[in-house]
Amino acid sequence: MLIRAPRGREISCHGWPQEGILRLLLNTLDPEVAERPQDLIVYGGTGKAARNWEALAGIIRALQELEDDETLVIQSGKAVAAFPTHPLAPRVIMANSFLVPAWATWPHFWELEKKGLTMYGQSTAAAWAYIGTQGILEGTYETMAAVARTHFNGTLAGRCVLTAGLGAMGRAQPLAVTLNGGVIIVVEANPETLKQSLRKEICQVLARDAREAWQLAEEACRRGEPLAIGLPGNAAEVYPEMVKGGLIPDVVTDQTAAHDPLNGYVPAGLSFAEALELRRTAPAEYVKRSLRSMAVQVQAMLDLQKHGAVVFEYGNNLRAQVAEEIPEAFRIPGFVQAYIRPLLAQGRGPFRWVALSGEPADIFYLDEVIRRLFPEDEAICRWISHAQSHVWFQGLPARIGWLNFEERIRFALEVNKAVQTGQVAAPVAITRDHLDAGAMASPRRETEGLPDGSDAIADWPILNALLNASNGATLVGLHHGGGVGIGHSVHAGMTVVVDGSAEAERRLERVFTGDVGLGLVRYYDAGLGQARSAAQNRIKFM
Ligand code: NAD
């Protein structure tokens with residue numbers, strides 16, 4: 001079945017808040033957006049938007065019937081009830097993939113998933129806020145820019161980055177590196193994905209083997225020209241080969257779906273087709289081989305680090321998967337602690353907005369709003385220019401924009417005005433990634449190495465969701481295991497449908513003061529003093 005969100009001003013629900021959420025749900029399953037829409041899989045290994053086809057039909061029906069004073073309850077991708085609440089309450093609340101802590105392991109999870117009792121929701125897949133590769137692109141671009149600032153005088157020109165994985169998140173890496181002037185070699189196990197990456201111009205060239213990839217990279221580095229090179233193979237084979245051959249890239253990371261050793265990572269020593277067969281016929285053996293291969297890959301990353309490469313983990317839990325076998329794995333830093341935390345500590349985070357009309361012109365109008373409102377914010381203005389020339393819309397037109405605390409509130413209010421005055425063709429949904437200051441507890445990623453050691457405290461995302469529900473965000477969700485897998489993260493999602501009403505104005509100010517402000521409180525509480533000054537006078541710190 002082909003799924004695509006409706007466009008235009010005509011709606012099939014009782015109001016725009018319900019319609020907006022319905023369009024976002026359907027949009028995550030649009031074939032332009034989702035990795036495997038036929039399996040309801042949106043991205044990130046097996047991150048799903050609904051538990052099964054029957055559950056999807058149930059959610060669609062429930063949203064179409066939902067009144068303006070009711071709240072729909074979603075339990076791991078299935079609508080379970082609509083309750084009478086009130087117009088200012090969220091229209092949808094959800095909890096995804098949770099298990100009580102002592103049961104929170106992949107084997108327990110897979111058993112319950114097989115019985116149809118739960119689903120893996122990743123972050124924005126289950127939260128219906130996924131917008132395709134653009135959603136991760138600016139974050140990846142900012143990470144690579146921070147790598148360049150920290151180690152290479154502000155540019156990756158003449159530098160070679162080695163990584164792996166061209167999946168939904170991973171395919172943001174080539175453009176993020178080349179926009180920073182660098183050369184990138186991406187190892188990918190799935191030959192079909194590689195072919196597609198060439199067709200979609202994600203990679204400019206495919207190498208036959210590691211030697212050829214290295215030669216192409218060296219030549220491009222010498223010329224100082226950006227280049228994205230795809231390399232068929234397995235990271236657990238190619239990375240050690242680089243060590244052995246004395247081929248030491250400037251930067252090494254990876255975005256294989258290592259968070260899930262069964263359905264994400266591909267073990268070495270097998271063709272991709274053989275790996276799929278083993279996954280189906282002998283899952284325990286598959287997991288064993290995956291973990292062994294990850295250990296080999298991490299050892300090679302440590303060796304490359306010893307030889308002078310800048311090495312970091314890119315948020316897929318690779319280090320923790322092998323920590324028992326290789327305790328030194330944590331000599332490799334995580335990307336948030338190393339590069340992104342200073343942004344989050346100012347309340348700067350991955351805001352995104354979606355034109356529910358389906359009109360690209362709405363997004364381009366809002367790009368100009370950003371430039372008009374924040375001319376002094378060089379990073380966002382530079383990003384908007386890059387996005388306009390390099391980003392193609394997938395599904396409903398959308399934009400990611402990392403904005404700070406005050407900017408998010410001001411921009412949301414301007415979006416409301418644009419809807420009110422008809423500058424945009426229909427309401428706009430404002431949402432965000434879960435990689436945000438107060439929305440994520442993930443001790444191997446977002447909350448790794450906090451000054452007070454509170455990395456594993458998971459109260460904050462729960463408080464974030466409670467506050468967003470109190471303030472009337474249209475959709476509020478709590479999620480488990482996104483990014484790094486079951487047992488390793490708790491996170492909260494939120495979306496507001498901006499409909500241009502006077503009531504929406506007050507709601508937007510409340511929601512974004514709470515949503516972003518709680519992140520600043522969390523960081524301040526953890527010992528990052530700068531977070532308090534970013535909050536100005538909007539929050540009463542205790
Ligand atoms: P995906 O499942 O869409 O793609 C993973 C890709 O890696 C696939 O193309 C697969 O063929 C390839 N692969 C797997 N094992 C390999 C190996 N050993 N060698 C070479 N290629 C291999 O996943 P995705 O959406 O791209 O996400 C990648 C990872 O990043 C996941 O673990 C995800 O949880 C994590 N993630 C990171 C961020 C971030 O901000 N950095 C955000 C969300 C998720």
Side-chain angles (χ1 to χ4, degrees), residues 34-36 41-47 120-125 130 132-133 135-144 162-173 176 185-197 202 230-240 253-273 275-276 279 286 289-298 300 312-318 320-321 334-336 339-340 344 349-350 400 433-436 440 442 444-446 479 481-486 488-489 491:
E35 288 299 292
R36 278 160 48 199
I41 289 175
V42 182
Y43 79 102
T46 55
Y120 182 59
Q122 263 291 358
S123 300
T124 50
Y130 186 70
T133 294
I136 197 73
L137 188 56
E138 192 191 359
T140 313
Y141 167 74
E142 291 298 343
T143 303
M144 293 301 171
L162 170 68
T163 188
L166 278 169
M169 300 282 103
R171 76 174 69 109
Q173 299 174 100
I185 301 174
V186 194
V187 185
E188 168 56 57
N190 182 346
E192 197 42 48
T193 303
L194 267 172
K195 273 192 222 147
Q196 265 183 32
S197 79
I202 294 164
L231 174 57
N234 192 297
E237 290 166 2
V238 173
Y239 285 30
T253 187
D254 104 307
Q255 277 222 318
T256 59
H259 69 280
D260 184 342
L262 177 59
N263 300 301
Y265 195 82
V266 179
L270 301 166
S271 70
F272 190 68
L276 292 187
R279 185 181 274 172
Y286 186 99
R289 285 190 188 215
S290 271
L291 294 172
R292 183 82 274 283
S293 300
M294 286 184 209
V296 171
Q297 186 188 335
V298 169
F312 63 94
E313 186 207 90
Y314 213 154
N316 59 0
N317 216 24
L318 182 66
Q321 298 286 26
F335 78 109
V336 174
Y339 303 114
I340 292 290
L344 296 179
I400 175 99
D433 196 1
H434 298 190
L435 183 163
D436 210 353
M440 179 68 87
S442 184
R444 301 297 187 214
R445 233 174 85 154
E446 283 81 350
H479 308 258
V484 283
I486 294 299
H488 292 276
S489 62
H491 39 114

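First listed ligand is number 1; within each ligand, the first listed atom is number 1.
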Protein contact to atom 15 (N) of ligand 1 [nearest heavy atom, distance to 0.1 Å]: Val266 N, 2.9 Å

After noting the C-alpha distance and the side-chain angles of Leu435 and Arg445, does the key distance pass the side chain to side chain contact (heavy atoms under 4.5 Å, CB included) rule? CA-CA 9 Å; Leu435 183 163; Arg445 233 174 85 154; 3.8 Å; yes

Please report which non-hydrogen protein atom sits nearest to atom 3 (O) of ligand 1, along with the residue it belongs to and the distance in Å to one decimal place. Ala168 N, 3.1 Å

Pick from Pro191, Gly44, Gly483, Gly485: the one approaching atom 34 (O) of ligand 1 most closely through a non-hydrogen atom: Gly483

For Thr140, which part has a heavy atom under 4.0 Å from ligand 1: side chain, backbone, both, or neither? neither

List the atom of Pro240, the atom of Ala300, and the distance in Å for their closest heavy-atom pair. N-CB, 3.6 Å

When you measure from atom 9 (O) of ligand 1 to every protein heavy atom, which one gives the shortest distance, and what is it? Glu188 OE1, 2.8 Å

Please determine if Asn234 has a nitrogen or oxygen closer than 3.5 Å to a nitrogen or oxygen of ligand 1. yes

What protein heavy atom sits nearest atom 40 (O) of ligand 1, and how far off is it? Ile136 CD1, 3.3 Å

Any heavy atom of Arg445 under 4.0 Å from ligand 1? The part involved is side chain

Go through the steps to decide whether Arg289 and Leu270 satisfy the test side chain to side chain contact (heavy atoms under 4.5 Å, CB included), and finish with yes or no. CA-CA 10 Å; Arg289 285 190 188 215; Leu270 301 166; 3.5 Å; yes

Quiz question: by atom type and distance under 3.5 Å, do the side chains of Gln255 and Asn316 form a donor-acceptor pair? no

Residue part near ligand 1, for Leu435, under 4.0 Å between non-hydrogen atoms: side chain

Below 4.0 Å from any atom of ligand 1, is there a heavy atom belonging to Gly264? yes

the protein heavy atom lying closest to atom 16 (C) of ligand 1 turns out to be Thr256 CG2, 3.4 Å

The test is side chain to side chain donor-acceptor pair (under 3.5 Å); show your working for Thr140 and Gln173 and say whether it passes. CA-CA 6 Å; Thr140 313; Gln173 299 174 100; over 6 Å; no

Please step through salt bridge (charged side-chain N to carboxylate O under 4.0 Å, His left out) for the pair Glu35 and Arg171, ending with a clear verdict. CA-CA 12 Å; Glu35 288 299 292; Arg171 76 174 69 109; 3.0 Å; yes

For atom 33 (C) of ligand 1, which of the options Glu237, Gln122, Gln255 provides the nearest non-hydrogen atom? Gln122

Nearest non-hydrogen contact to atom 43 (C) of ligand 1 from the set Met294, Met169, Arg36 belongs to Met169

Between Phe335 and Tyr314, is the gap from one ring center to the other below 6.0 Å? yes

